[in-house]
Novice: 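Please find one structure pasted underneath; my questions will follow.
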Number of protein chains: 2
Amino acid sequence: MRNPYYGPVPEKKPIPRPAARRLSLYLRELSSRLEQGEATVSSKALGRSLGLTDAQVRKDLAICGQLGHPGRGYTISDLVGSLRKIMGRDRDWRVCVVGSGNIGRALVSYDRFRREGFEIVAVFDANPAVAGQEVGGLRVQPMRDLSTTVAAERINLGIVAVPREAAQQVADALVAAGVRGILNFAPRRIEVREGIGIVSVDFTVALEQLAFQTATGLDLSFEDGDHADEPTDGDAPTSV
Amino acid sequence: MRNPYYGPVPEKKPIPRPAARRLSLYLRELSSRLEQGEATVSSKALGRSLGLTDAQVRKDLAICGQLGHPGRGYTISDLVGSLRKIMGRDRDWRVCVVGSGNIGRALVSYDRFRREGFEIVAVFDANPAVAGQEVGGLRVQPMRDLSTTVAAERINLGIVAVPREAAQQVADALVAAGVRGILNFAPRRIEVREGIGIVSVDFTVALEQLAFQTATGLDLSFEDGDHADEPTDGDAPTSV
DNA sequence: CTCTGTGAAAACATTCACAGCG
DNA sequence: CGCTGTGAATGTTTTCACAGAG
């Protein structure tokens with residue numbers, strides 16, 4: 001959104017991938033501080049809470065524009081507002097869960113989603129015996145209703161909580177129904193077409209990372225645990 | 001802790017952090033192929049499944065030693081064996097879950113853990129009303145039994161599935177009881193002393209990453225979803 | 001010809017260090 | 001002073017490209 005007509009090109013600079021991952025953590029910490037009644041915070045203090053250096057924090061927050069006040073720090077509410085906007089947290093996210101097994105049910109009942117602005121409005125399950133049961137205040141719907149409900153409820157994100165074997169198929173159905181992004185809990189890589197978001201969480205991978213850290217002794221340590229697959233275009237790089 | 005005496009030192013080179021994250025994904029994909037009855041695989045084919053370039057795959061697998069056969073590819077079973085060893089998957093992991101809410105119960109019942117060699121042998125809950133109930137074949141124990149049971153059952157990993165407010169305290173209790181690593185599902189950073197492993201999974205952060213990807217349109221995509229906090233030593237860098 | 005292993009180059013990310021604001 | 005914003009330096013990861021094995 002700069003330099004309309006001709007000239008050196010609009011050029012919205014891309015957010016560094018590792019920074020993008022950290023943005024969520026800033027938002028989480030800042031919201032928490034805001035609730036505690038704090039009004040400002042310095043890059044040093046924030047870094048301490050998050051295990052980052054102050055320089056790193058300043059570089060990351062520079063993504064939000066120049067919100068810091070030299071000598072004073074950052075105004076938390078401004079930062080929260082800016083982060084929410086950048087991360088797409090200012091819009092409405094309407095979510096459905098596919099799979100009403102242990103994980104699906106736990107997610108539907110996970111109150112924090114709603115409090116954070118992600119509203120789960122439908123649950124589906126392929127098992128006809130389960131359809132009609134109630135989970136977290138919602139009636140489980142049969143898969144056949146998927147596309148109708150996604151449209152009617154204006155659902156834009158889908159959560160896949162089905163067995164490995166069914167995961168890709170379910171993801172395809174969700175995309176076909178119109179969701180724009182998928183959060184996958186099945187232990188496999190999901191391929192989606194360009195333009196559809198995909199993030200995966202694999203509990204076993206997380207435990208394995210932990211075993212690795214623990215076995216390796218004390219040294220190496222790393223970051224994020226859940227992974228975001230690549231939008232499967234041609235020769236997409238990135239991870240599963 | 002570096003180079004005690006003088007001399008060239010054995011020098012086991014450290015595994016690049018991003019590579020460490022990918023190792024789990026290789027193992028997952030390779031195990032699956034092994035089950036399908038495949039015996040060998042090329043870096044190119046593996047990369048295709050995982051969304052990585054063939055060069056990346058070769059560099060990563062070089063960590064396991066020289067297991068590839070030029071012109072032929074890698075023998076999957078060798079790779080799986082080597083990966084399991086490197087990742088500490090060759091030993092026994094005995095796990096307890098603290099918190100028998102929705103998430104805790106889902107995890108206790110998550111069969112894949114056992115099949116992958118992580119045995120959940122105890123569940124704890126601070127609520128006395130819950131103690132004694134059965135969850136996934138285990139009797140929920142009161143917190144007061146934590147250290148006794150951890151010792152008696154030789155538990156080495158703990159899963160924290162309690163509300164945010166109690167998380168740090170529970171983590172401290174687990175470490176005091178003797179676990180060597182913690183998998184944290186509470187939405188906050190957990191601090192542990194040097195030498196204790198820590199990996200966090202935050203569902204809201206994962207959904208947020210998805211919202212970000214989706215809102216940002218089609219472009220940037222990233223990796224892992226769950227995060228591993230840093231072992232809180234002095235000025236530890238890394239993320240939450 | 002296919003496919004690995006690997007230095008060397010390129011891209012990317014973090015840390016440093018300091019000018020400048022309040 | 002304390003603290004931000006940012007180029008320049010450093011460190012890390014990925015990609016390239018090719019020699020050499022089967």
Side-chain angles (χ1 to χ4, degrees), chain A residues 13-23 25-26 30 38-48 50-76 78-79 82 219-224 227 230 234-240, chain B residues 13-23 25-26 30 38-48 50-76 78-79 82 219-224 227 230 234-240:
Chain A
K13 75 168 64 130
I15 294 172
R17 269 117 81 145
R21 290 214 296 281
R22 284 188 300 265
L23 255 28
L25 304 177
Y26 290 120
L30 290 166
E38 297 174 44
T40 64
V41 67
S42 70
S43 55
K44 189 135 156 249
L46 237 192
R48 255 194 134 270
L50 260 32
L52 303 167
T53 64
D54 54 334
Q56 175 88 81
V57 172
R58 289 198 297 278
K59 266 266 156 73
D60 287 342
L61 295 186
I63 291 170
C64 303
Q66 311 203 160
L67 296 175
H69 305 289
R72 219 155 299 272
Y74 298 82
T75 302
I76 298 180
D78 291 356
L79 227 34
S82 178
D219 38 79
L220 73 71
S221 49
F222 22 113
E223 295 192 333
D224 288 85
H227 41 238
E230 184 82 355
D235 59 339
T238 320
S239 78
V240 60
Chain B
K13 75 169 63 129
I15 295 171
R17 269 116 82 142
R21 291 214 295 281
R22 286 188 298 266
L23 255 26
L25 304 177
Y26 290 120
L30 289 166
E38 297 174 45
T40 64
V41 68
S42 70
S43 55
K44 188 135 156 248
L46 237 191
R48 258 195 130 268
L50 260 33
L52 303 166
T53 65
D54 54 333
Q56 175 89 83
V57 171
R58 288 198 298 277
K59 267 266 156 71
D60 287 343
L61 295 186
I63 292 170
C64 303
Q66 310 203 160
L67 297 175
H69 306 290
R72 220 156 298 271
Y74 297 82
T75 302
I76 298 181
D78 291 356
L79 227 35
S82 178
D219 37 77
L220 72 72
S221 49
F222 21 115
E223 295 193 330
D224 287 87
H227 41 238
E230 184 82 355
D235 59 339
T238 321
S239 78
V240 59

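Numbers restart at 1 for each chain; the letters A, B, ... are given by sequence-line order, proteins then strands. None of these values were measured; they are calculated from a predicted model. Below, all heavy atoms of this structure are taken into account, side chains as well, without hydrogens, waters or symmetry copies.
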Novice: Send over the distance from B:L61 CG to C:dT6 C1', rounded to a whole Å.
Specialist: 14 Å
Novice: Regarding D:dT15, can its base be found pairing with the side chain of B:K59 as donor and acceptor, where the two atoms are less than 3.5 Å apart?
Specialist: yes
Novice: Between N or O atoms, less than 3.5 Å apart, protein on one side and nucleotides 19-22 of chain D on the other: list the pairs.
Specialist:
unit_1 : atom_1 : unit_2 : atom_2 : d
D:dG22 : O3'    : B:R72  : NH2    : 2.9

Novice: Given atom NZ of A:K44 and atom P of C:dT15, what is their separation to the nearest angstrom?
Specialist: 16 Å
Novice: Once rounded to the nearest 0.5 Å, what's the spacing between atom CG of A:L46 and atom CZ of A:R48?
Specialist: 12.5 Å
Novice: Nearest whole angstrom, please: distance from the P of C:dT4 to the CG of B:D78.
Specialist: 14 Å
Novice: What are the atom names and distances for every N/O pair under 3.5 Å that joins the protein to nucleotides 10-13 of chain D?
Specialist:
unit_1 : atom_1 : unit_2 : atom_2 : d
D:dT13 : OP1    : B:R17  : N      : 3.4

Novice: If I take atom CG in residue B:L50 and atom C1' in nucleotide D:dT14, what distance separates them, rounded to the nearest angstrom?
Specialist: 16 Å
Novice: Whole Å only: how far is the CZ atom of A:R58 from the P atom of C:dT15?
Specialist: 12 Å
Novice: Looking only at heavy atoms, which two atoms of A:R72 and A:T40 are closest? And how far apart?
Specialist: O-OG1, 4.3 Å
Novice: From OH of A:Y74 over to C1' of C:dG22, roughly how many Å is that when rounded to an integer?
Specialist: 15 Å
Novice: Please check the phosphate of C:dT4 (OP1 and OP2 only) for any side-chain N or O of B:S43 closer than 4.0 Å.
Specialist: yes
Novice: A:D78: what forms a salt bridge (Lys or Arg N to Asp or Glu O under 4.0 Å) with it, not counting sequence neighbours?
Specialist: none
Novice: Side-chain atoms of residues 61-71 of chain B: list all donor-acceptor pairs with protein atoms under 3.5 Å, sequence neighbours left out, distances to 0.1 Å.
Specialist:
unit_1 : atom_1 : unit_2 : atom_2 : d
B:H69  : NE2    : B:T75  : OG1    : 3.4

Novice: Angle between the end axes of the helix from C:dC1-D:dG22 to C:dG22-D:dC1, five pairs per end, to the nearest 10 degrees?
Specialist: 10°
Novice: Under the side chain to side chain donor-acceptor pair (under 3.5 Å) test, which residues partner A:S43, sequence neighbours left out?
Specialist: A:R58
Novice: Can you name the nearest heavy-atom pair linking A:I76 to A:E38, along with the distance?
Specialist: CD1-O, 3.7 Å
Novice: For B:Q66 and C:dT6, what is the distance between atoms CD and C1' respectively, to the nearest whole Å?
Specialist: 10 Å
Novice: Take the protein atom CG of B:D54 and the nucleotide atom P of C:dT6, then report the distance between them rounded to whole Å.
Specialist: 16 Å
